[in-house]
Amino acid sequence: MTEEIEFILDSTQESMEGTIAHLEKSFLNIRAGKASPAMLGSVFVDYYGSASPLSQVSKISVPDARTITLQPFEKNMLHPIEKAIMIANLGFNPMNNGDVIIISVPPLTEDRRRELAKQAKAEAEDAKIGIRNARKDANTEIKKLEKDGTSEDICKKAEEEVQSLTNSFIKKIDEHLVHKEAEIMKV
């Protein structure tokens, strides 16, 4: 196979791997019942004029399955951290005792579990669209090469490899979704 086709296949695979990584990160933000520091991964705090991730302004710990505690590195950050958690709209009600912010993670209701499962399905569908877009881009590039004189057989083989990549990555997405749904629905 030609160098151009190898490059197209490599960049397509890289793009698809990026889509899977994005999906995994999105799934971390969908809570599955028990407390985890990853639940606060999307929260940014105004720290002296710049938006900083919560993990950079406080120590996040999980003493039990239903509680998250945040110990700010600076006392004056208690209220900005509380405010940032409220603004993030994660469904948490932070409380502070003057030293530590305590978040009680409420147990998920059946309806909320279904809602989160739907959200996970939507994220998985977005990832599949990303995979299909990468396939479309690769096939467009291969067609251009064919017009520029690359052998039809080589291009056909390259398109089959792109489809094979697509199928394997869509299968990975489905596996991630099944795992996440099971995690969400587990009481």
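Since we're looking at a predicted model, the values are computed, not measured.
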Sole candidate of Lys121, Arg113, Arg114, Lys118 that passes salt bridge (charged side-chain N to carboxylate O under 4.0 Å, His left out) when paired with Glu181 = Lys121
Step-by-step side chain to side chain contact (heavy atoms under 4.5 Å, CB included) determination, Ile103 to Asn93 | CA-CA 6 Å; Ile103 300 171; Asn93 193 13; over 6 Å; no
Which of these passes side chain to side chain contact (heavy atoms under 4.5 Å, CB included) with Thr166: Arg135, Glu161, Lys136, Lys128?
-> Arg135
Verdict with reasoning, Thr67 to Thr69, per side chain to side chain contact (heavy atoms under 4.5 Å, CB included) = CA-CA 7 Å; Thr67 311; Thr69 60; 4.2 Å; yes
Does [X] pair with [Y] as a salt bridge, N-O distance under 4.0 Å?
| X | Y | answer |
| --- | --- | --- |
| Glu183 | Lys180 | yes |
| Glu146 | Lys156 | no |
| Glu115 | Arg112 | yes |

Is it true that atom CD of Glu14 has more than 12 heavy atoms of other residues, nucleotides or ligands lying nearer than 6.0 Å?
-> no
Does a sphere of radius 6.0 Å around CD in Glu175 hold more than 12 heavy atoms from other residues, nucleotides or ligands, not counting ones at 6.0 Å or beyond?
-> yes
Quick one: name the residues clustered hydrophobically with Val100, using the 4.5 Å side-chain heavy-atom rule over I, L, V, M, F, W, Y, and just say none if it's on its own.
-> Ile102
Would Glu141 and Ser11 satisfy side chain to side chain contact (heavy atoms under 4.5 Å, CB included), going step by step from the backbone distance to the final call?
-> CA-CA 11 Å; Glu141 291 297 316; Ser11 62; over 6 Å; no
For the atom pair [atom1] ([X]) and [atom2] ([Y]), what is the distance rounded to the nearest 0.5 Å?
| X | Y | atom1 | atom2 | result |
| --- | --- | --- | --- | --- |
| Leu40 | Leu70 | CG | CG | 6.0 Å |
| Glu160 | Ile142 | CD | CD1 | 10.5 Å |
| Ile81 | Ser58 | CD1 | OG | 4.5 Å |

Joint hydrophobic cluster, Leu78 plus Tyr48, side-chain heavy atoms closer than 4.5 Å | yes
Shared ILVMFWY cluster between Phe73 and Phe44, side chains joined below 4.5 angstrom?
-> no
Any luck finding a side-chain donor-acceptor pair between Asn96 and Glu82 under 3.5 Å?
-> yes
Do the side chains of Met16 and Lys172 get nearer than 4.5 Å, heavy atoms only?
-> no
